[in-house]
Structures are given as C-alpha cells and as structure tokens.
Amino acid sequence: MTRSQTNLTIESITQLDFAARSLLNFAGEQKIFLFYGNMGAGKTTFIKELCAQLGVKESVTSPTFSIVNEYEAGNSRVFHFDFYRLKNQEEALDMGYEEYFYSGDYCLIEWPEKISDLLPLNYTKVTIQADASQKRYFNFESI
C-alpha cells in the first residue's frame, strides 16, 4: 500500500543535489530505495549524487558486472545493486541478497523488477523519466 508520494522535476543534472536531498527528506528513516526508469534515464547518475549526500567519499561506479558495490558512508554502509544482468531470481538468492536488504544499511537497487518476488515489504520507490531537453522527472513513493 502506498503511504505517500511526491513528484519533482529538475531542469538539468546540476540540480541532482537538490533532488537527492529531497529524496532523503522524503524517505526519512527508510534505507531501502528501488530505482525504476528506462535505460539512460539517469538512475546511476542520480545514485552517485545520492551517495555523495549520504557521505560516501570514494568513487561510485555502476555495479553492472559485479551486481553489488559497497561503500562506506560515515558509520553506515551503502550497498548499490544493479540487477539488470540477472538471468533469474535464483542468482540473487545465491548472492545472499537478504543479508544486504535486512542489514539496516542503505540499499540502492537498480532494476528491482528483476527480483520482484524477493523485495522487502517496505521501501522507497524512485521512478525517473527523462526527456530530450535534459529534464528529469522524479516520482518518490513510500511503500
């Protein structure tokens, strides 16, 4: 059940810091984020800014081939997942996804539709759409 949602539009990627702060304010204590959007919508770019807002100092890269990257953020960890290359949900089971999802640390999940049966009950859903003029349209939902 959706508890709340909000929409946000930014004119260019120079406003991603504002979008990331807005998402963190919206999410409150929630640390599980699911990112939806077409290829090229800017999910990874947005996650890089979100990690910066969380205090990650190291370089944030796409975990397309490693499936998950781990970063330090102060006294917390940030796990960044990209499930695009998964052939089936068994691969997520084999990697021990539940140890990450239920760790109490931040989990930023790209392509969550690939593991829809394994998702936690509570999370913040982030949908990103882009247009040809560099605008990005964000929808944040608390689930």
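Counting begins at 1 with the first residue of the sequence.
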Check your understanding: Going through the checks in order, is the side chain to side chain contact (heavy atoms under 4.5 Å, CB included) test met by Trp111 and Leu86?
Key -> CA-CA 10 Å; Trp111 302 101; Leu86 288 191; over 6 Å; no
Close side-chain approach of [X] to [Y], heavy-atom, < 4.5 Å:
X: Ser22; Y: Phe140; answer: yes
X: Val56; Y: Tyr106; answer: no
X: Val126; Y: Phe46; answer: yes
X: His80; Y: Glu110; answer: yes
X: Phe79; Y: Ser103; answer: yes
X: Gln30; Y: Ser142; answer: no

Review point. So Leu118 and Tyr97, side chain to side chain contact (heavy atoms under 4.5 Å, CB included) or not? Walk me through it.
Key: CA-CA 9 Å; Leu118 306 178; Tyr97 80 95; 3.7 Å; yes
Exercise for review: Please confirm whether Tyr100 and Phe81 have ring centers closer than 6.0 angstrom.
Suggested key: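 Distance test on ring centres: under 6.0 Å, yes.
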Point to revise | Flag for Tyr36-Asn139: side-chain donor and acceptor within less than 3.5 Å | key: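 Distance-only check fails for Asn139 and Tyr36.
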Check your understanding: Hey, which of Ile109, Ile47, Asp82 is the one that makes side chain to side chain contact (heavy atoms under 4.5 Å, CB included) with Phe35?
Key ->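 The side chain to side chain contact (heavy atoms under 4.5 Å, CB included) with Phe35 is passed solely by Ile47 among Ile109, Ile47, Asp82.
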Point to revise | Check against side chain to side chain contact (heavy atoms under 4.5 Å, CB included), Leu50 and Leu24 | key: CA-CA 8 Å; Leu50 186 60; Leu24 291 172; 3.7 Å; yes
Review point. How far apart are the closest heavy atoms of Ala73 and Leu54, and which atoms are they?
Key: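 Closest pair (atom of Ala73, atom of Leu54, distance): CB-O, 3.4 Å.
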Practice item. Could you tell me whether Tyr102 atom OH has more than 12 heavy atoms of other residues or ligands within 6.0 Å of it? Key: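 Atom OH in Tyr102 is packed in, count exceeds 12.
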